[in-house]
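Written out below as structure tokens is the structure these notes cover.
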Amino acid sequence: MKILITPLLALSILTAYADETTPEKKGIIPAVSQQFGQVIEVKVVFVEKPNTYYAQNMVKASCYAKILEVNGKKLEQPVVLEYRCADVDFKLGSQHTLTAYEDLQSSGVNREWDGKIRQFNYGISHFIRLRNPALPKAKKPYTIE
């Protein structure tokens with residue numbers, strides 16, 4: 001007895017497996033907060049930048065932020081991220097508790113699909129945005145301006 005698989009049966013089998021979560025599915029997730037843009041308090045120490053092309057040539061800050069605590073809770077494993085802070089370049093080795101949030105920024109050429117296949121320069125930067133400690137204390141709850 002032969003089993004005949006009709007296109008409809010094949011489609012239903014494929015869609016049943018397509019919705020399953022697999023380890024291959026990836027995305028950009030925050031490293032220390034629950035979601036991008038969520039305001040948190042971080043305890044950081046400023047460390048040397050990694051010896052990568054991006055860090056050495058594209059990052060304006062002289063160091064990276066090693067995040068030790070989030071909202072008063074010590075991290076099991078510290079997280080090192082590029083940081084951005086308006087008008088401040090922290091000194092290597094200095095330690096601060098600051099208000100922050102994780103952010104993303106795209107760079108390069110983002111073209112619409114025009115039917116031609118070509119390579120182009122495009123990237124996404126994942127960093128922590130620190131609030132300048134010289135600014136007056138922000139009011140809680142924090143608002144997006």
Side-chain angles (χ1 to χ4, degrees), residues 5 7-145:
I5 297 180
L8 185 57
L9 178 58
L11 182 62
S12 65
I13 292 170
L14 288 175
T15 55
Y17 288 106
D19 291 336
E20 287 185 16
T21 304
T22 63
E24 293 83 31
K25 289 186 179 182
K26 301 208 184 252
I28 301 172
I29 59 171
V32 294
S33 59
Q34 292 182 353
Q35 62 187 20
F36 289 105
Q38 176 186 13
V39 178
I40 54 177
E41 297 290 326
V42 292
K43 182 176 181 180
V44 298
V45 62
F46 293 92
V47 297
E48 287 187 23
K49 293 195 273 188
N51 193 21
T52 63
Y53 180 86
Y54 175 80
Q56 296 298 319
N57 297 288
M58 307 299 282
V59 176
K60 293 178 185 176
S62 62
C63 48
Y64 266 38
K66 183 176 186 179
I67 302 157
L68 307 172
E69 294 180 10
V70 175
N71 294 333
K73 184 178 178 184
K74 185 177 178 181
L75 297 177
E76 289 181 22
Q77 188 75 18
V79 175
V80 177
L81 284 175
E82 172 188 353
Y83 78 88
R84 300 195 185 162
C85 186
D87 303 321
V88 178
D89 190 14
F90 292 95
K91 292 185 180 178
L92 189 65
S94 64
Q95 187 170 324
H96 301 272
T97 300
L98 302 165
T99 304
Y101 64 91
E102 281 185 81
D103 203 354
L104 294 172
Q105 179 177 331
S106 61
S107 61
V109 180
N110 183 8
R111 293 183 225 161
E112 293 298 323
W113 180 269
D114 61 4
K116 297 178 184 173
I117 298 173
R118 61 178 88 109
Q119 291 182 330
F120 54 90
N121 180 19
Y122 186 75
I124 296 176
S125 300
H126 175 191
F127 55 93
I128 189 149
R129 196 172 295 275
L130 303 173
R131 189 169 194 279
N132 185 333
L135 293 174
K137 289 282 185 190
K139 295 179 183 175
K140 292 182 183 179
Y142 299 103
T143 57
I144 297 173
E145 297 176 5

Measure the spacing between NZ of Lys49 and CD of Gln56 and express it to the nearest 0.5 Å.
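Taking NZ in Lys49 and CD in Gln56, the distance rounds to 5.5 Å.
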Looking at CZ of Arg129 and CZ of Arg131, how far apart are the two atoms once the value is rounded to the nearest 0.5 Å?
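Between Arg129 CZ and Arg131 CZ, I get 13.5 Å after rounding to 0.5 Å.
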Taking C-beta and beyond as the side chain, do [X] and [Y] meet within less than 4.5 Å on heavy atoms?
| X | Y | answer |
| --- | --- | --- |
| Pro133 | Leu98 | yes |
| Tyr64 | Pro50 | yes |
| Val47 | Cys63 | no |
| Arg84 | Asp103 | no |

Give me the atom names and distance for the closest heavy-atom approach of [X] to [Y].
| X | Y | result |
| --- | --- | --- |
| Ile128 | Val42 | CD1-CG1, 4.2 Å |
| Ala86 | Asn132 | O-ND2, 3.0 Å |
| Glu41 | Thr99 | OE2-OG1, 2.9 Å |
| Ile67 | Leu75 | O-CD1, 3.4 Å |
| Gln38 | Gln34 | OE1-N, 3.0 Å |

With side chain to side chain contact (heavy atoms under 4.5 Å, CB included) as the test, would you mind laying out the steps for Asp89 and Tyr83 before giving the verdict?
CA-CA 9 Å; Asp89 190 14; Tyr83 78 88; 2.9 Å; yes
Set out, in order, the CA-CA distance, both residues' side-chain angles and the distance that settles side chain to side chain contact (heavy atoms under 4.5 Å, CB included) for Lys66 and Val80, then state yes or no.
CA-CA 4 Å; Lys66 183 176 186 179; Val80 177; 3.8 Å; yes
Parallel under 30°, tilted from 30 to 60°, perpendicular over 60°: which one fits the rings of His96 and Phe90?
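Ring orientation, 0 to 90° scale: tilted.
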Stepwise, does the side chain to side chain contact (heavy atoms under 4.5 Å, CB included) test hold for Ser125 with Tyr54?
CA-CA 10 Å; Ser125 300; Tyr54 175 80; 2.9 Å; yes
Counting only heavy atoms not in [X], do more than 12 fall under 6.0 Å of its [atom1]?
| X | atom1 | value |
| --- | --- | --- |
| Glu48 | CD | no |
| Asn57 | CG | yes |
| Leu104 | CG | yes |

Tell me, with the steps shown, if Lys74 and Leu68 meet side chain to side chain contact (heavy atoms under 4.5 Å, CB included).
CA-CA 6 Å; Lys74 185 177 178 181; Leu68 307 172; 5.9 Å; no
